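The first residue in the sequence is number 1, and the count goes up from there. The structure displayed is predicted, hence computed values, not measured ones.
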Amino acid sequence: MTPLHNPRSHTFASDNYSGVHPEILAALAAANGGHVGAYGNDPYTAHLQTLVKRHFGERAEAFPVFNGTGANVLALQACLPRWGAVVCAETAHINADESTAPQAVGGFKLWTVAAENGKLTPELIAREAYGYGFEHRAQPLAASITQSTELGTVYTPQEIRTIGAFCRQHGVALHMDGARLANAAAALGVPLREITTDAGVDILSFGGTKNGLLLGECVVVLNPDKVSDGLKYLRKLNLQLASKMRFISAQFIALLEGDLWRETAQQANEMAKRLSDGLQAIGGVELVYPTEANAVFVKLPQGAADKVREHTYFYDWDAQGTSRFVCSFDTREEDVDALLAAVRRAAEAV
């Protein structure tokens with residue numbers, strides 16, 4: 001088939017705009033051919049369980065799913081009764097970017113709080129973690145944090161441990177939206193387990209699509225004591241059970257068997273640092289949030305954003321004029337430098 005786009009094109013809209021990493025494509029090809037069991041009854045999904053235990057601990061169990069919204073809704077459903085609620089940051093993906101899926105599909109309430117740099121703290125969770133036993137209030141029985149956050153910031157291991165201890169003390173399950181978990185771990189220089197299982201996270205939505213996969217995310221149960229044993233039934237109920245699951249599992253095997261997850265994330269992070277440093281050197285550009293992973297948030301000079309968009313696509317983030325640029329595993333130095341040149345031209349022209 002003739003490509004319908006320019007294969008050399010590059011945008012900074014999101015890391016899910018990128019193509020598929022060559023090693024992931026090779027893994028898909030290797031998993032192809034012949035017949036194996038469906039719905040996870042295959043050797044690839046079995047091997048993925050081994051790798052997940054290696055990275056997250058012996059009690060960890062993986063449930064591959066199709067997409068991030070499905071992973072988040074499913075993970076939180078598995079931690080909550082029908083009357084349960086989730087405390088999260090206002091900027092959380094489950095609140096700001098997943099339509100009404102948490103409420104309509106998940107059937108749970110979101111209690112949101114304003115969080116500086118997108119990061120929850122025990123004190124912020126406590127603002128909504130009350131009313132236990134009061135039948136008129138949805139019971140706050142889970143908290144959800146995002147690593148790295150929607151604002152490009154990263155929780156340290158100690159910050160997560162502090163939140164985890166608070167949640168355990170109050171009987172609250174701790175969920176992590178790890179769509180960019182690899183970027184956070186690479187930025188911190190720690191193994192995946194250190195900022196999940198060992199820090200007190202009970203259940204994880206582990207991202208793949210934003211880190212080079214064709215499709216697929218993975219719900220990882222870290223603490224079975226806090227999660228319903230009916231998760232496999234919930235996955236089917238939520239339309240997230242893949243018949244040819246071997247192709248999702250094979251991609252995660254490629255990501256986790258060696259250091260690919262870290263290499264891809266590190267490349268994206270390094271390019272974001274290069275972009276952030278370069279943007280801050282341009283007159284009139286203001287950095288809005290610290291650049292700690294692979295996303296850069298800035299305010300461009302008035303009128304410059306539309307001129308830059310003639311060069312590459314990116315998102316206007318908020319009503320205050322913030323622009324978001326996201327780097328991917330395939331972002332190259334020349335892509336960053338071309339964007340910086342476009343911003344300089346635009347800044348000089350306005």
Side-chain angles (χ1 to χ4, degrees), residues 15-16 20-21 23-32 34-79 93-94 98 101 105-106 147 175-182 185 192-193 196-197 201-224 227-258 260-261 264-265:
D15 32 14
N16 60 22
V20 183
H21 192 283
E23 291 187 36
I24 301 298
L25 284 175
L28 285 166
N32 197 25
H35 288 207
V36 299
Y39 304 110
N41 297 305
D42 64 84
Y44 296 94
T45 303
H47 185 47
L48 175 60
Q49 301 298 340
T50 301
L51 293 176
V52 162
K53 292 180 187 302
R54 181 190 306 170
H55 281 281
F56 296 101
E58 282 302 313
R59 301 185 78 199
E61 184 176 5
F63 292 81
V65 296
F66 291 116
N67 55 47
T69 297
N72 285 335
V73 170
L74 177 61
L76 288 165
Q77 260 189 331
C79 297
H93 205 268
I94 55 175
E98 294 184 356
V105 179
Q147 179 76 315
H175 164 256
M176 177 179 283
D177 180 347
R180 296 184 175 97
L181 177 65
L192 296 169
R193 177 171 178 157
T196 54
T197 312
V201 177
D202 295 308
I203 193 165
L204 167 71
S205 301
F206 183 40
T209 310
K210 290 181 168 65
N211 201 22
L213 269 62
L214 171 64
L215 63 83
E217 313 290 307
C218 199
V219 174
V220 183
V221 175
L222 305 174
N223 178 11
V227 178
S228 167
D229 60 5
L231 197 153
K232 67 177 183 178
Y233 306 110
L234 287 170
R235 180 170 57 174
K236 178 68 172 182
L237 183 152
N238 285 353
L239 316 181
Q240 289 291 322
L241 179 63
S243 57
K244 296 185 179 181
M245 196 181 296
R246 60 167 150 163
F247 295 108
I248 300 179
S249 298
Q251 295 176 85
F252 276 101
I253 289 172
L255 202 64
L256 293 172
E257 201 156 35
L260 183 61
W261 68 270
T264 49

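To the nearest 0.5 Å, atoms NZ (K244) and OH (Y39) are separated by 10.5 Å. In this structure, I203 CD1 and C79 SG are separated by 4.5 Å, a value rounded to the nearest 0.5 Å. Annotation: the span from L48 atom CG to M245 atom CE amounts to 10.0 Å, rounded to 0.5 Å. Remark: L241 CG to F66 CZ distance equals 7.5 Å, nearest 0.5 Å. Atom CG of L213 and atom CZ of F247 lie 13.5 Å apart (nearest 0.5 Å). To the nearest 0.5 Å, atoms OG1 (T197) and CE (M176) are separated by 9.5 Å.
A donor-acceptor pair shorter than 3.5 Å can be found between the side chains of Q77 and N238. Residues S205 and N72 have side chains that bring a donor and an acceptor to within less than 3.5 angstrom of each other. With hydrogens and angles left out, the side-chain atoms of E217 and T209 include a donor and acceptor closer than 3.5 Å.
Side-chain N or O atoms of K53 include one that pairs as donor or acceptor with a backbone N or O of A60 at under 3.5 Å. A donor-acceptor distance shorter than 3.5 angstrom exists from the side chain of H55 to the backbone of L256, with no hydrogens or angles considered. With hydrogens and angles ignored, the 3.5 Å screen pairs no side-chain donor or acceptor of T45 with any backbone N or O of N41. For the pair T264 (side chain) and L260 (backbone), a donor-acceptor distance under 3.5 Å is present. At distances below 3.5 Å, at least one donor-acceptor pair connects side-chain atoms of Q251 with backbone N or O atoms of L215. Side chain of R246 to backbone of A31: a donor-acceptor contact under 3.5 angstrom is found.
The two residues F63 and V221 have their closest heavy-atom pair at CE1-CG2, 3.8 Å. When all heavy atoms of A71 and V65 are compared, the closest pair comes out as CB-CG2, 3.8 Å. Contact between A254 and A27 at its shortest, heavy atoms only, is CB-CB, 3.7 Å. Residue V52 comes nearest to A62 through the heavy atom pair CG2-CB, 3.7 Å, listed as atom of the first residue, atom of the second, then distance. Contact record, V73 with V105: CG1-CG1, 4.1 Å, taken as the closest heavy-atom pair.
Around atom NZ of K232, no more than 12 heavy atoms belonging to other residues, nucleotides or ligands sit under 6.0 Å away.
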Could you walk me through whether E61 and Q49 pass the side chain to side chain contact (heavy atoms under 4.5 Å, CB included) check? CA-CA 6 Å; E61 184 176 5; Q49 301 298 340; 3.7 Å; yes

Test L74 against L231 for side chain to side chain contact (heavy atoms under 4.5 Å, CB included), laying out the working first. CA-CA 8 Å; L74 177 61; L231 197 153; 4.1 Å; yes

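With sequence neighbours left out, N67 forms a side chain to side chain contact (heavy atoms under 4.5 Å, CB included) with T69, Q240.
Between V201 and H175 the shortest side-chain heavy-atom distance does not fall below 4.5 Å. Side chains of H21 and L25 form no contact here, defined as non-hydrogen atoms less than 4.5 Å apart. Under the 4.5 Å side-chain criterion, counting only non-hydrogen atoms from C-beta, R235 is in contact with P64.
The aromatic rings of F206 and F252 sit tilted, their planes meeting at an angle between 30° and 60°.
Among the candidates V219, D177, L181, the single residue satisfying the side-chain contact (heavy atoms from CB on, under 4.5 Å) test with L204 is L181.
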